[in-house]
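Presented below is the structure to which this report refers.
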Amino acid sequence: MSINGVKGFNEILPADSALWQFIEDTARRVFARYGFSEIRVPIVEKTELFCRSIGDTTDIVEKEMYTFSDKGGTSLTLRPEGTAGVMRALIEHKLYARDSINKLYYMGPMFRHERPQKGRYRQFHQIGAEAVGSAEPVMDAQVLLMVSRLFRELGLDEPRLQINSLGCPDCRPAYREVLVAFLNEREAALCDDCRRRKSTNPLRALDCKVPGCVEATEGAPAMVEHLCSACDEHFGAVQGYLTAADVPFSLNPRMVRGLDYYTRTTFELVTGLLGAQSAVAAGGRYDGLVAQLGGPSAPGIGFALGVERVALLLGDRSFARTPDLFIAVMGEAARSRAFSLMAALQDQGLWVETDCEGKSLKGQMRRADKLGSRYSMVLGENEVVSGAATLKRMIDGQEQSLRLDSETLENLIRQG
RNA sequence: GUGGCCAUGGUGAAGCGGUUAACACAUAUGACUGUGACUCAUACAUUCGAGGGUUCGAUCCCCUCUGGCCACCCCA
């Protein structure tokens, strides 16, 4: 028996890697336009960091983290999300002191011990961005604009932007009481989970998919109607900017968050195309997080997108590249001549292939065809002696003879 | 953590108690001794995820395990 990989940990095979590179390259290109720079942080952090940022009672911390002790006895955890580590680095290196605004992005693997299913894996990949240092609604709008443009550049119009406001420590507790009172009135109609949520995380009940709960919470009070004036004004301004720039969005007053640190603006890009996984990207404002982790009271807003989910949406779009030239060879002298010719053309940036299996000429031509090579050329004794060869365009079989030197060959290939 | 469905070659799959384990694609070689695609020929699973049981006989029935998928919870 051979050894298999670990459940929920997958490789990106060559057939998919071009798609992944497209996603990553697009993100880098788009982020650069909004002044975001990459930050690379470790995938392991002290466990305490995640407990303090994500929240001790969240599902992620309670049951989904890959936690272990290192040899010194410190409890370490494979990062389940990216924001905590980035904020830790920002504080540790006092990036906030160098510049009052830090716009950072990251990409890489995250780890959560959940049962794998479509669009959900134990090692998954996120591309995220964080803007720290501004509490102004225009920064919210800029980040939302950037996400929206990123998906446009990826060629996806399907995930739709939904936004909501979760209020702040001034107004959320009061709203929470109003909501709990409402839920208490309808307790009989709620599912077991929602009865439990009433005390742990009542906002979650708004997000329950059980039909009875959906019905029971239909007229539930919404956070957006209970925002304090500062939050209300902020949220209104964000929407104003988005409208002004024609960024399409819709309001979803029932959107909640799984992580404790979110305040005010939250958003998701949702799709119906990924089975149970509707969120392709999600984020929000976290004005208290940096201070909570021991830094200055710097407000921030950020988001992360799930690369696997984006890749699923992009589907079987082909990013396959093909060779420019395949040189078929016959005989040792020709092989040697072909090798130096190939080297010269590759130095010029062309993708050139040749036979590495000692195949028959027919076998080599078949391989040239299978690789999808644009051109082929046969090098045998005749060509070595005469210094001339025939270049064949594979798509239509058209041939032309030429002198056997790399420059003329390169020119012919480039023009056609 | 809970539930449902499923495991046959490199791939997609038929077969559901006795077959030489179909068929298709892919791959290799040849017909075409120096030219791909089309066509034709040949090759390609002593074996049906692993282990046990029932049976004269099990890919097919039963049990256990392992793996996968999907869903719940939750989330990107």
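So that the names make sense, note that chain A is the first sequence line, chain B the second, and so on, each numbered from 1.
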Exercise for review: Count the heavy atoms of every other residue, nucleotide or ligand shown that sit under 6.0 Å from CD of Glu215(A), and state whether that count exceeds 12.
Suggested key: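 Check fails, neighbour count at 12 or below.
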Distance-only donor-acceptor test (3.5 Å): side chain [X], base [N]:
X	N	answer
Glu383(A)	rG34(B)	yes
Arg120(A)	rC74(B)	yes
Arg309(A)	rC75(B)	yes
Lys392(A)	rG36(B)	yes

Practice item. Output the single nucleotide from rC74(B), rC73(B), rU35(B) whose closest atom is nearest the side chain of Gln117(A). Key: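 Nucleotide nearest to Gln117(A)'s side chain: rC73(B).
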Review point. Dot-bracket for RNA chain B, 5' to 3', counting Watson-Crick or G-U wobble pairs under 3.5 Å, with [ ] for crossing pairs and | for inter-strand pairs?
Key: ((((((((.[[[..)..(....]]].(((((.......))))).....[[[[[..)....]]]]])))))))....
Review point. Given the C1' atoms of rA7(B) and rG51(B), what is the spacing between them in whole Å?
Key: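 My reading of the C1' atoms in rA7(B) and rG51(B) gives 15 Å.
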Integer-rounded Å distance: [N] [atom2] and [X] [atom1]:
X	N	atom1	atom2	value
Glu81(A)	rC74(B)	CD	C1'	15 Å
Arg115(A)	rG68(B)	CZ	C1'	11 Å
Lys118(A)	rC5(B)	NZ	P	20 Å

Check your understanding: For Lys359(A) and Arg393(A), take the nucleotide of RNA chain B holding the closest heavy atom to each; which residue's nucleotide lies nearer the 5' end?
Key ->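 Looking at the nearest nucleotide for each, Lys359(A) comes out on the 5' side.
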Check your understanding: With nearest nucleotides of RNA chain B determined for Leu361(A) and Asp207(A) from heavy-atom distances, which residue corresponds to the more 5′ nucleotide?
Key ->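 This one resolves to Leu361(A).
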Exercise for review: Pick base, sugar-phosphate or nothing for Val280(A), based on heavy-atom distances below 4.0 Å to the nucleic acid.
Suggested key: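 Here Val280(A) touches the backbone only, sparing every base.
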**Study point:** Pairs where residues 334-372 of chain A contributes a residue and the test ring pair (Phe, Tyr, Trp, His ring centres under 6.0 Å) is met, not counting sequence neighbours
**Key:**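 Residue pairs passing ring pair (Phe, Tyr, Trp, His ring centres under 6.0 Å), neighbours aside: none found.
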Practice item. Considering only NZ, NE, NH1 and NH2 on the basic side and carboxylate oxygens on the acidic side, decide whether Arg254(A) and Asp207(A) come within less than 4.0 Å. Key: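 Not counted as a salt bridge, because no side-chain N and carboxylate O are separated by less than 4.0 Å.
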